Each structure stands twice: as C-alpha cells, then as structure tokens.
Amino acid sequence: MHLLDGLNEMQQQAVSTTEGPVMVMAGAGSGKTRVLTHRIAYLIEELGIPSNQILAVTFTNKAAMEMKERVSKLLDRDVRNMWISTFHACCVRILRKDILYLNKHTRDFVIIDEEDALRLIRDILKSLEIDKKEFNPKVLKDAISKIKNKVYIPSNNPYTEEIVDKVYLNYQKVLQDENLLDFDDLIIMTIEIFEKFPHVLEYYQNLFQYIMIDEFQDTNSIQYHLINLLAQKSKNIFVVGDQDQSIYSFRGARIENIDLFQKDYSNTKIILLEQNYRSVKNILNLANSLIEKNQKRIKKNLFTVKTFDNLPVYYRAESGYAEAIYVKEKIEQMLNEGYNYSDIAILYRANAISRLFEDIFIKYKIPYRIYGGVSFYRRKEIKDIICYLRLITNLDCDFAFKRIINEPKRKIGDSVVEKLTAIKDQYHVSLFAAIDYAEGIVSKQQLNALLDFKFMILELQERIEDCSIDDFIDLVLQRTTYLEMLQAQNEEGLDRLANIYELKSILSDVNEDITGSNYEKLNVFLSDVALKTDADEIDDKEDFVKMMTFHQAKGLEFKVVFMVVMEQGIFPNQLIRDHNDLEEERRICYVGITRAMERLFLTNAINRRYQGMITSNNPSQFIKEMDAKYLEAYGHLNGSFENNYTRRIKIVADDKPINKDYKVGDKINHATFGDGLVVGVDSKNITVAFSVQYGIKKLVANHPSIRKI
DNA sequence: AGGTCTTTCCTTTTT
DNA sequence: GGAAAGACCT
C-alpha cells in the first residue's frame with residue numbers, strides 16, 4: 001500500500017485510523033501535512049470515498065494550496081473541486097449557494113476586509129455623532145468582532161456596552177443594507193443557516209463523511225462550533241494540532257478547544273507524533289528547553305535523530321546597525337559554506353523591524369524579499385480598480401461607489417455623497433441610481449460631474465465584452481483617467497501602475513481558467529477577492545533571503561534561520577498583560593526556533609532606534625530561559641543584566657575576529673577590564689596593560705570581548 | 001474641494 | 001522614524 005510507505009508507525013496509524021474521532025498531537029516538524037495529505041489520498045484510493053465527501057480545513061490559503069497540490073500528486077489527478085480550503089473559503093462556498101435562506105443577503109454578496117470594516121465603523125461614528133477621539137474606531141471594531149465571535153469581553157473596558165451595542169447594531173444594518181459580509185459573518189451566517197434550517201445542515205452532514213482540521217489549536221469558538229455541527233452525524237472527525245504552536249489567541253483562538261474536543265468526543269483516539277524530521281538535535285533541544293518554561297502545557301517528548309556539530313549562536317551587538325551588519329556577514333559566511341540565499345530566513349516579531357535589515361541588504365546587494373507588510377490585494381490602487389470592476393458589474397454596489405466616486409478627483413466630495421445618501425434613503429435606491437434624482441438637490445456643476453461619472457460607468461459596462469478581461473483593465477484605466485492620475489505622480493505612480501499590471505496578469509489567468517462571458521468571469525473573480533491575501537506567492541526559482549514575522553513563518557521551514565531583535569520589550573512585547581500573554585510570546589519564540597533545520601542565529605543589540613527613539617533593551621528573557629549548553633554566545637555580553645547569565649553560557653572565540661592586526665600602542669577596550677593599551681603582540685595573543693586594578697593581562701587577540709578604540 | 005502643515009499613533013494579524 | 005489622519009488655509 002504505497003500511501004503508507006515511508007511513514008513511521010504513528011504516522012501510519014494516523015493515516016489509516018479513518019473511523020471515529022481522532023486527535024493527532026503533532027509536534028513541530030513531525031510531518032503533519034504529510035499525514036493529512038496521505039490520509040485524504042488513503043480515504044479516496046483505499047476506501048473508495050468520493051473525493052467531494054471529504055472536507056479538509058486549513059488556516060491559510062497557502063496551506064490549502066499546498067495540500068491540494070500534494071494530494072493531486074499522490075492521486076495523480078485534478079482535485080480542484082475538492083473541499084480543501086480555509087474555514088472562510090469553505091463557508092463562502094456554502095453561502096454562495098444557501099445564503100438566501102436567511103433572507104438578509106443575496107448570493108452576490110461582497111466580502112469586505114478589515115480595513116473596509118474599519119472605514120464603515122468610522123462612517124457610522126460620524127453619522128451617530130460619536131467622537132472618535134473618545135471611542136477609538138479600531139477598539140470598537142475589535143469589540144464588535146469579539147461580540148460576534150462570542151469572545152469574553154473584560155468588564156474593565158472603558159467602552160460602555162451602550163456605545164458598543166449602538167455601533168454594532170448600526171454596523172450590522174449597513175452590512176445588510178449594502179449586501180456586505182465581513183470575515184466573521186462568513187462563519188456566523190453559515191452557522192445561522194445550519195441552526196435555523198436543519199435540512200440544510202443535514203445535507204452537509206451527509207455530504208462530509210470525513211472531516212479534517214489542520215492547526216486545530218488555532219480554531220476559535222465559532223469555528224469549533226461549526227465543525228461540531230458538521231461532524232455530529234458521521235463523527236468521523238480528525239483534528240491535528242500542537243498546543244505549543246498556538247500563537248493566534250489575540251484573534252480568538254482557543255487552545256482549550258483541544259480539551260473540549262476530548263470531552264465532546266469521549267471515544268477520541270489520540271495519536272502522538274513525536275519524531276521531528278526537520279531540525280538538528282541542538283536546535284530542537286534548545287526549543288524544548290525554552291517551551292518547558294510554559295506551565296500550561298502537556299509535556300511531550302519531541303525528538304530527532306539528525307545530528308550536526310554546530311550550536312545555535314547568540315550574538316549581542318552594540319547597535320541595531322551593528323546587528324544588521326553581523327547578520328549580513330553571517331549570511332555571507334553561510335553562502336561560503338554552501339547554502340543559498342533562498343535557504344535563509346530572517347524572522348522578527350513586528351513588521352517594522354524589517355526596515356533596518358532591508359537598508360543593509362540593499363547597501364551590500366544581498367537579494368531579499370519581504371513577506372507580509374501591506375499585501376497586494378490591500379493596496380490602494382488594487383482596491384480602487386477592483387471597486388471600479390465591482391460597480392461596473394453591479395451598479396447597486398454602494399460600497400464600491402463610495403470608494404471610487406471621487407478617485408481620481410472629479411469634484412464630488414463628501415457633501416455630495418451625503419446628499420445622495422439622503423436620496424437613497426428616501427427612495428430606497430442605490431447611490432448610483434440616486435444620481436437620477438439629484439437634480440435641484442446638488443449644484444449644477446456637481447450634477448454635471450455626477451452625470452459624467454454615470455455615463456462613464458455605463459459606457460464601460462457596455463464595452464465589457466469587447467475584449468479579454470485583462471485588457472478591460474486598460475480600458476477602465478483610460479476611461480476613468482486613473483491612468484492619467486498615476487502618470488502625473490512620477491515614481492510612486494509608476495509603482496502603483498506596476499501593481500495594476502500585476503492585477504492584469506492575474507486576471508489573464510482568470511480569463512483562461514474560467515469559462516463564460518467576461519461578466520461571469522469577473523463575477524467569479526470579484527466574489528472572493530477579499531479572501532485572497534498573498535499574490536506574493538513564494539517563487540522557488542529565484543534565489544533570495546526571505547524576511548517575515550514569526551507568525552507568517554508558521555508552517556514553513558528554512559535551513560538557516562536568523563531570529564533578530566530578540567529584546568525584552570519587543571519580544572516578548574511590552575504590551576503583554578498577563579501570564580497567558582507571556583506564554584503565548586514564548587510559544588511564538590518556540591515556533592521561530594523550530595523553523596530552523598540546520599543553523600540558527602539569535603541576535604539583538606544594546607542600543608537601537610525604534611519608533612523614533614533611541615532605546616536600549618535588555619536581551620529577551622527567552623534567551624536567558626534557553627538552556628545555555630545549546631548556545632554559543634558572542635558580542636557585547638557585558639552589562640549588569642547579563643553578568644548574571646554570561647557565566648551560564650559558553651563564550652567561544654569567534655571564527656572571524658572582530659578586530660584583527662593589533663600592534664603595540666593600540667588602545668583597546670575589554671568587556672570586563674575596561675580600556676587598555678597593547679604592549680605586546682604574538683601570533684595569537686596580545687598583552688595589554690589595563691588600569692592599576694587589573695594590571696597587565698595576556699589575552700586571546702580575536703576574543704569577542706576585545707575591541708579596538 | 002483640495003493642498004499643505006501638524007499631530008497622533010504606533011504588536012502580532014492565517015481570513 | 002514614518003504613515004496616516006486631522007486641522008487649517010486658500
């Protein structure tokens with residue numbers, strides 16, 4: 001049975017235990033994706049389960065895509081129509097079919113992202129005349145999301161329930177009126193249909209004979225509720241998770257679901273995957289020694305057979321700049337040792353940290369790519385063009401209308417939109433249709449601008465089938481004068497235009513993949529564009545260093561990992577409130593370490609510029625918590641905080657001397673003995689005269705505690 | 001309505 | 001330090 005070949009005993013068990021509830025506790029790098037993909041293939045090939053009766057849920061598009069690809073390879077056939085997707089995409093697929101039951105939205109609802117939602121909240125605050133200085137829209141949005149996700153809200157929040165409720169109700173009303181759904185709604189509405197219309201639920205319960213959930217430790221309450229509903233009938237539910245890698249609790253993820261699952265499914269079979277196939281011993285031991293400091297966890301015994309002589313390295317630089325230089329030098333060293341740029345990843349706690357390293361990499365011509373930050377589909381110009389396409393394909397889409405009515409500027413400002421909104425409310429029409437009632441309400445000039453806009457959109461609508469959908473972008477760009485606006489902006493405009501051309505090439509793929517009229521093609525594309533996050537797909541062909549946050553690195557692996565800016569206040573972050581938060585930060589650190597296969601570098605600096613200020617942070621407490629015998633430490637290890645612990649870590653001479661070629665008469669500084677004068681030099685050592693207190697010492701010349709001054 | 005100066009705010013963020 | 005929202009001026 002080839003699907004079990006090459007799997008260890010536990011993995012085979014996980015693949016072949018198909019009936020009833022199963023929970024797999026899969027440590028980092030223990031081959032859980034392998035198990036999941038083989039299990040799907042096993043169900044289809046060995047048990048003859050129809051491929052559309054299996055539901056596999058992942059957390060990222062990337063993970064879903066990877067899983068589909070691997071299953072497709074195992075089965076040697078097209079799996080495009082299988083239910084392998086994220087929670088949200090799965091719900092969208094259900095809602096596009098069944099949302100009419102709720103009688104609130106139509107099937108062509110528009111999904112809005114977080115930024116769009118925030119925009120709506122700001123508008124609502126304005127209309128309710130609530131001061132946004134007093135009530136931060138972002139906090140309100142989070143509060144609303146927490147209500148929707150049924151997450152407990154601490155009672156000490158200054159946001160009186162009254163205000164939150166008021167904004168919440170208005171927000172929901174706007175969403176319904178404008179046929180919009182936010183990310184939370186996708187899950188909630190699906191549950192609502194299932195609970196109100198049992199025959200719909202039954203349909204899906206019968207459809208999904210086998211359900212599999214990846215990254216189970218990161219499911220939140222309603223997601224858990226959803227899969228519970230679906231699995232009620234077959235009880236063939238298979239979840240894979242690792243509590244030590246739960247790093248999304250700030251978004252409502254509940255590790256408790258692991259316990260809950262075992263209670264809700266009393267006959268759960270538990271399978272432990274404890275062999276790590278990714279990291280060498282020293283790295284795994286280091287990770288284990290750290291995560292043991294978490295009290296709230298079940299001990300496990302993750303082991304590896306991979307050995308390697310190198311120890312993970314800790315380096316404390318003098319400044320953020322020096323830290324980046326060190327990383328650059330180590331990258332060069334790794335290249336000499338035979339690694340490629342693409343084997344190397346720089347991981348950090350916050351996106352803003354990438355900048356310093358970026359500057360150095362540009363200067364020294366190290367090819368790199370930053371993942372995350374502002375993702376492609378969130379860029380202003382992309383959203384603008386998408387909203388043009390939305391309005392053209394659906395004139396009633398007020399949300400799109402508001403975004404682009406004055407972009408590029410056509411002298412239709414807020415006051416005009418307010419007037420149109422009043423007309424809309426009075427006649428119960430869309431904003432676009434409200435233009436027809438605007439005569440006499442807006443000035444003559446404004447009316448003309450509105451009519452120009454109207455005819456422009458109508459004309460584009462008529463010409464939609466005239467060319468391929470990607471070429472239609474050019475038409476939109478020209479006719480709306482968006483192109484003209486960008487061309488007037490020099491460099492920035494060119495960047496934005498390049499992004500739009502990128503969108504165009506994505507659309508040309510859509511053009512080939514989907515059959516039907518342009519109108520239909522665009523509708524398919526637009527229907528779930530909000531769910532797309534990374535057009536920045538990893539391109540393995542090119543050779544570059546990857547830079548990303550720890551969160552983004554989850555599920556990935558790299559031969560060489562740099563964990564940078566390991567400083568107290570940044571990581572763990574200063575905003576943590578309690579012990580639970582600290583444990584989550586520690587798990588983030590654990591996730592970071594366990595991404596590394598062969599080489600690991602932890603770095604930080606004594607001083608750095610951060611958020612416009614010069615700050616000096618202590619080394620991250622996590623460094624101190626790691627078992628020192630798995631670390632080699634270099635650099636500026638002096639200072640009261642560290643004296644304590646430098647004793648605990650091995651200080652070994654750096655393979656590259658920081659200061660070389662001393663000669664008699666040089667002034668140097670030693671970490672412990674202070675300033676001194678070189679009085680003698682031989683092949684390896686220097687003799688230095690320090691202050692009376694320390695006298696004359698013979699020292700290893702390239703020792704990291706010595707530097708030239 | 002739109003340009004420019006000034007103030008404010010900064011975690012993480014699979015969807 | 002730098003983006004983004006807000007205030008102020010034209």
Side-chain angles (χ1 to χ4, degrees), chain A residues 57-66 85-92 111-119 122 131-133 136-139 141-142 145 149 181-187 214-215 217-220 222-223 245-253 320 347-353 355-356 359 371-375 377-378 380 406-417 443 445-446 449 528-534 548-556 565 569-577 581 584-585 587-589 591-592 608-615:
Chain A
V57 181
T58 62
F59 262 74
T60 60
N61 291 317
K62 207 197 264 163
M65 263 164 35
E66 193 187 328
S85 66
T86 61
F87 267 109
H88 293 84
C90 165
C91 288
V92 171
I111 304 162
I112 59 165
D113 67 23
E114 307 255 316
E115 189 203 324
D116 300 336
L118 195 59
R119 225 172 232 256
R122 285 207 186 96
D131 184 4
K132 51 186 150 182
K133 270 180 197 145
N136 183 327
K138 226 172 163 182
V139 177
K141 191 184 135 292
D142 285 351
S145 178
N149 284 292
L181 265 70
D182 66 18
F183 289 142
D184 295 330
D185 286 334
L186 297 175
I187 316 259
D214 191 13
E215 306 278 13
Q217 76 283 352
D218 284 328
T219 49
N220 66 21
I222 54 166
Q223 287 165 341
Q245 292 187 69
S246 167
I247 58 174
Y248 282 97
S249 77
F250 69 95
R251 262 200 115 86
L347 307 183
Y348 35 79
R349 182 66 178 84
N351 277 312
I353 288 170
R355 190 165 298 125
L356 184 59
D359 291 347
Y371 291 82
V374 182
S375 92
Y377 286 102
R378 306 242 159 99
K380 182 183 178 298
N406 206 23
E407 195 70 49
K409 303 281 180 270
R410 38 176 84 84
K411 304 205 169 167
I412 304 172
D414 290 347
S415 60
V416 177
V417 175
S443 76
Q445 255 181 335
Q446 290 167 333
D528 58 9
V529 75
L531 291 180
K532 299 188 186 193
T533 41
D534 34 13
M548 66 190 87
T549 63
F550 294 117
H551 285 84
Q552 284 158 341
K554 191 162 132 184
L556 307 177
V565 197
I570 292 174
F571 188 35
N573 198 274
Q574 59 213 352
L575 297 181
I576 58 169
R577 296 177 309 275
D581 286 353
E584 174 141 324
E585 294 282 310
R587 287 192 295 271
I588 296 171
C589 188
V591 166
R608 74 172 60 253
R609 284 168 169 278
Y610 193 65
Q611 291 182 346
M613 288 171 301
I614 291 177
T615 51

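Just so it is clear, the model here is predicted, and its values are computed rather than measured. Quick note: numbers below take in every heavy atom, side chains included, and nothing from hydrogens, waters or symmetry partners.
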It should be established whether [X] places a side-chain nitrogen or oxygen under 4.0 Å from OP1 or OP2 of nucleotide [N].
{"X": "A:N61", "N": "B:dT15", "answer": "yes"}
{"X": "A:Q552", "N": "B:dT12", "answer": "no"}
{"X": "A:N220", "N": "B:dT15", "answer": "no"}
{"X": "A:T58", "N": "B:dT14", "answer": "no"}
{"X": "A:T60", "N": "B:dT15", "answer": "no"}

Could you check whether [X] gets within reach of a base, just the sugar-phosphate, or nothing at all, counting any heavy atom under 4.0 Å?
{"X": "A:K409", "value": "sugar-phosphate"}
{"X": "A:D184", "value": "nothing"}
{"X": "A:E584", "value": "nothing"}
{"X": "A:R349", "value": "base"}

Nearest whole angstrom, please: distance from the [atom2] of [N] to the [atom1] of [X].
{"X": "A:F550", "N": "B:dT14", "atom1": "CZ", "atom2": "P", "answer": "16 Å"}
{"X": "A:N351", "N": "B:dT14", "atom1": "CG", "atom2": "C1'", "answer": "14 Å"}
{"X": "A:D214", "N": "B:dT14", "atom1": "CG", "atom2": "C1'", "answer": "11 Å"}
{"X": "A:Y371", "N": "B:dT13", "atom1": "OH", "atom2": "C1'", "answer": "19 Å"}
{"X": "A:K138", "N": "C:dA5", "atom1": "NZ", "atom2": "C1'", "answer": "12 Å"}
{"X": "A:R587", "N": "B:dT14", "atom1": "CZ", "atom2": "C1'", "answer": "16 Å"}
{"X": "A:K554", "N": "B:dT12", "atom1": "NZ", "atom2": "C1'", "answer": "12 Å"}
{"X": "A:I570", "N": "B:dT11", "atom1": "CD1", "atom2": "P", "answer": "12 Å"}

Fill in: A:F59/A:T86 under side-chain contact (heavy atoms from CB on, under 4.5 Å): CA gap, chis, key distance, verdict
CA-CA 5 Å; A:F59 262 74; A:T86 61; over 6 Å; no

Worksheet item: For DNA chain B, which ranges pair as stems of 3 or more consecutive Watson-Crick or G-U pairs, with both donor-acceptor distances under 3.5 Å?
Response: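 Looking at DNA chain B, the stems formed by three or more consecutive pairs are B:1-10 with C:1-10.
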
Item to complete: Check whether any side-chain heavy atom of A:E66 sits under 4.5 Å from a side-chain heavy atom of A:T60, and report yes or no.
Response: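 Contact flag for A:E66/A:T60 side chains = no.
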
Worksheet item: Just wondering, do A:F550 and A:I247 contact through their side chains at under 4.5 Å, heavy atoms?
Response: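 Contact flag for A:I247/A:F550 side chains = no.
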
Item to complete: Indicate yes or no for a side-chain donor-acceptor contact from A:D185 to the backbone of A:D182 under 3.5 Å, with no hydrogens or angles considered.
Response: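 Yes; at least one donor-acceptor contact below 3.5 Å.
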
Worksheet entry | A:E584 side-chain N/O to A:S249 backbone N/O, donor-acceptor pair under 3.5 Å |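 Present.
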
Practice prompt. Tell me which of A:H88 and A:E585 sits closer to the 5' end of DNA chain B, going by the nucleotide each one is nearest to.
Written response: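 Between the two, 5'-proximity favours A:E585.
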
Worksheet item: Taking the nucleotide of DNA chain B with the closest heavy atom to each, which residue, A:Y610 or A:K411, is nearer the 5' end?
Response: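 So the residue in question is A:K411.
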
Starting the side chain at C-beta, find the nucleotide from [options] nearest to [X].
{"X": "A:R251", "options": "B:dT15, B:dT12, B:dA1", "value": "B:dT15"}
{"X": "A:R122", "options": "B:dT11, B:dA1, C:dA5", "value": "C:dA5"}
{"X": "A:D218", "options": "B:dT15, B:dT14, B:dT12", "value": "B:dT14"}
{"X": "A:N573", "options": "B:dT12, B:dT15, B:dT11", "value": "B:dT11"}

Fill in: Base of B:dT13 and ring of A:Y248 stacked, centres under 5.5 Å, planes under 30°
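Here A:Y248 fails the 5.5 Å or the 30° condition.
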
Worksheet item: Got a sec, which residues hit ring pair (Phe, Tyr, Trp, His ring centres under 6.0 Å) with A:Y248, two or more places apart in sequence or on another chain?
Response: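 Partners of A:Y248 under the ring pair (Phe, Tyr, Trp, His ring centres under 6.0 Å) test: A:F250, A:H551.
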
Worksheet item: Does NZ in A:K411 sit with more than 12 non-hydrogen atoms of other residues, nucleotides or ligands closer than 6.0 Å?
Response: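 Check fails, neighbour count at 12 or below.
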
Worksheet item: Between A:V565 and A:R608, is a side-chain contact (heavy atoms from CB on, under 4.5 Å) present by the stated rule, with each step listed?
Response: CA-CA 9 Å; A:V565 197; A:R608 74 172 60 253; 3.6 Å; yes

Discussion item. Restricting to non-hydrogen atoms, name the atom on A:Q217 and the atom on A:Q245 that form the minimum distance, rounded to 0.1 Å.
Written reply: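 Heavy atoms only, the tightest pair is NE2-O, 3.6 Å.
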
Practice prompt. For B:dT12, decide between syn and anti, treating a glycosidic angle within 90° of 0 as syn.
Written response: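 Because its glycosidic torsion lies more than 90° from 0, B:dT12 adopts the anti conformation.
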
